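These notes are about the structure you will find just below.
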Amino acid sequence: MKLSAPTRISLRVIALAYLLVLLVSPLVIIFWRSFQHGIGAFVESITTPAAISAFDLTIVIIAIVVPVNVIFGVITAIALARGNFPGRTLIQGIVDLPFAVSPVIVGVALIMLWGVGGWFGGVESLGFKVIFGLPGMVLATIFVTLPFVVSEVVPVLHEIGDEQEQAAATLGATGWQTFWRITVPAIRWGLTYGIVLTVARGLGEYGAVIMVSSGLPGISQTLTLLVSGRYTNDHNTFGAYCAATLLMGIALVVLILMTLLERKRGTAK
């Protein structure tokens, strides 16, 4: 359908106005409020012990979540793309479940499973604390980031087919040799993009994590919880804006990386 020049201009103006009001304006306000007292005050706010601890904890969670999602995500993707077995549709539905379930519900479910009186709550008597500790926050983040590697790798596996893998097996290659020399190079861009999406989602997770975290500064407070804690509990609006800007800067780096990977993947095709 060919649109007239006035229609195209009107659609562009509406789209830009929509993005300006909902996305650009809030980000500009946060950025301005973070630096209204100067760069020194901003740096001082994001280098407090609580902020450094929140940053470190966020990185630790991401460092645990990404390898776990990569391993099980690739296994699940291969099973869905190459397998034809009863329950395949059910597994696909389970993989997509985090897209439909509220993160807060995920947190409540984890408390019911791993909390005191829960199905697996007895592990606390062994000295292994899940809820209100790092393990619970990791489990919550793994759940909400589960679909990304799978959703990026499965279409790639469908696209490349299994002819090369069958040829390698015919020539005497073992399963591991076929996987490392044929499958992994073929899915590398989809896998990398899924990893970046996992990192981006994990960095910004709030609903599930806050349910299974004590939220204590320096103990179990991520960057998102730091923003919330400073704004609602400490009434430190400036500190909350600074922490939000730090988180926004990290997200911007991830976004740029996603764009570069998407271009490179398109060029590789």
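Note that the structure is a prediction, hence the values are computed from the model and not measured.
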Closest heavy-atom pair and its distance - [X], [Y]:
X	Y	answer
Val21	Pro26	O-CD, 3.6 Å
Phe132	Met211	CE2-O, 3.9 Å
Val227	Ala244	CG2-N, 3.6 Å
Leu203	Thr224	O-CG2, 3.4 Å
Pro103	Arg201	CG-NH2, 3.9 Å
Ile195	Val149	N-CG2, 4.4 Å

Donor-acceptor pairs are to be reported for all side-chain atoms of residues 169-177 against protein atoms at under 3.5 Å, with residues two or more places apart or in another chain.
from: Thr170; atom 1: OG1; to: Gln166; atom 2: O; distance (Å): 2.8
from: Thr174; atom 1: OG1; to: Gln177; atom 2: N; distance (Å): 3.3
from: Thr174; atom 1: OG1; to: Gln177; atom 2: OE1; distance (Å): 3.4
from: Gln177; atom 1: OE1; to: Thr174; atom 2: N; distance (Å): 2.9

Practice problem: Verify side-chain contact (heavy atoms from CB on, under 4.5 Å) between Thr48 and Arg230, making sure each step is shown before the conclusion. | Solution: CA-CA 12 Å; Thr48 61; Arg230 283 182 170 181; 3.0 Å; yes

Practice problem: In sequence, state the C-alpha distance, the side-chain angles, and the governing distance for Trp189 and Val156, and then conclude on side-chain contact (heavy atoms from CB on, under 4.5 Å). | Solution: CA-CA 9 Å; Trp189 293 119; Val156 177; over 6 Å; no

Quiz item: Can you name the one residue among Phe99, Tyr193, Phe143 that meets ring pair (Phe, Tyr, Trp, His ring centres under 6.0 Å) with Phe148?
Solution: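 For Phe148, the ring pair (Phe, Tyr, Trp, His ring centres under 6.0 Å) test succeeds with only one of Phe99, Tyr193, Phe143, which is Phe99.
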
Spacing of [X] atom [atom1] and [Y] atom [atom2] [to the nearest 0.5 Å]:
X	Y	atom1	atom2	answer
Leu134	Ile219	CG	CD1	13.0 Å
Ile61	Thr145	CD1	OG1	11.0 Å
Thr141	Ile64	OG1	CD1	9.5 Å
Leu80	Arg88	CG	CZ	5.5 Å
Ile9	Ile14	CD1	CD1	12.0 Å
Ile46	Phe55	CD1	CZ	9.5 Å

Exercise. Establish, yes or no, whether a centroid distance under 6.0 Å links the rings of Phe42 and Phe31.
Key: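 Ring centres of Phe31 and Phe42 not closer than 6.0 Å.
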
Within the supplied structure, the quantity of interest is the number of heavy atoms (other residues, nucleotides, ligands) at a distance under 6.0 Å from [X] [atom1]; does it exceed 12?
X	atom1	answer
Arg181	CZ	no
Ile39	CD1	no
Gln92	CD	yes
Phe72	CZ	no
Tyr231	OH	no

Quiz item: How far apart are the C-alpha atoms of Val154 and Thr76, what are their side-chain angles, what is the distance that settles it, and do they pass the side-chain contact (heavy atoms from CB on, under 4.5 Å) test?
Solution: CA-CA 9 Å; Val154 166; Thr76 304; over 6 Å; no

If hydrophobic clusters are built from ILVMFWY residues whose side chains come within less than 4.5 Å, do [X] and [Y] share one?
X	Y	result
Val254	Ile62	yes
Leu197	Val253	no
Leu19	Leu11	no
Val68	Ile94	no
Phe35	Ile29	no

Quiz item: Does the side-chain contact (heavy atoms from CB on, under 4.5 Å) test come out yes or no for Glu152 and Leu191, once each step is laid out?
Solution: CA-CA 7 Å; Glu152 291 297 325; Leu191 179 60; over 6 Å; no

Check: [Y] main-chain N/O paired with [X] side-chain donor or acceptor under 3.5 Å:
X	Y	answer
Ser25	Leu20	yes
Glu205	Ala208	yes
Arg82	Leu157	yes
Thr198	Gly194	yes
Thr178	Ala168	no
Ser214	Ser220	no

Exercise. Measure up the Phe120 and Trp114 rings against each other and bin them: parallel (under 30°), tilted (30 to 60°), perpendicular (over 60°).
Key: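 It falls in the tilted class, 30° to 60°.
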
Check whether any side-chain heavy atom of [X] lies under 4.5 Å from a side-chain heavy atom of [Y], and answer yes or no.
X	Y	result
Met248	Leu252	no
Leu57	Met137	yes
Leu226	Thr222	no
Ser213	Leu225	yes

Quiz item: Does a side chain donor of either Tyr206 or Ser228 reach within less than 3.5 Å of an acceptor in the other side chain?
Solution: yes

Exercise. Go through the structure and list residues passing side chain to side chain contact (heavy atoms under 4.5 Å, CB included) with Ala41, not counting sequence neighbours.
Key: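 With sequence neighbours excluded, Ala41 shows a side chain to side chain contact (heavy atoms under 4.5 Å, CB included) to His37, Phe238, given in chain and number order.
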
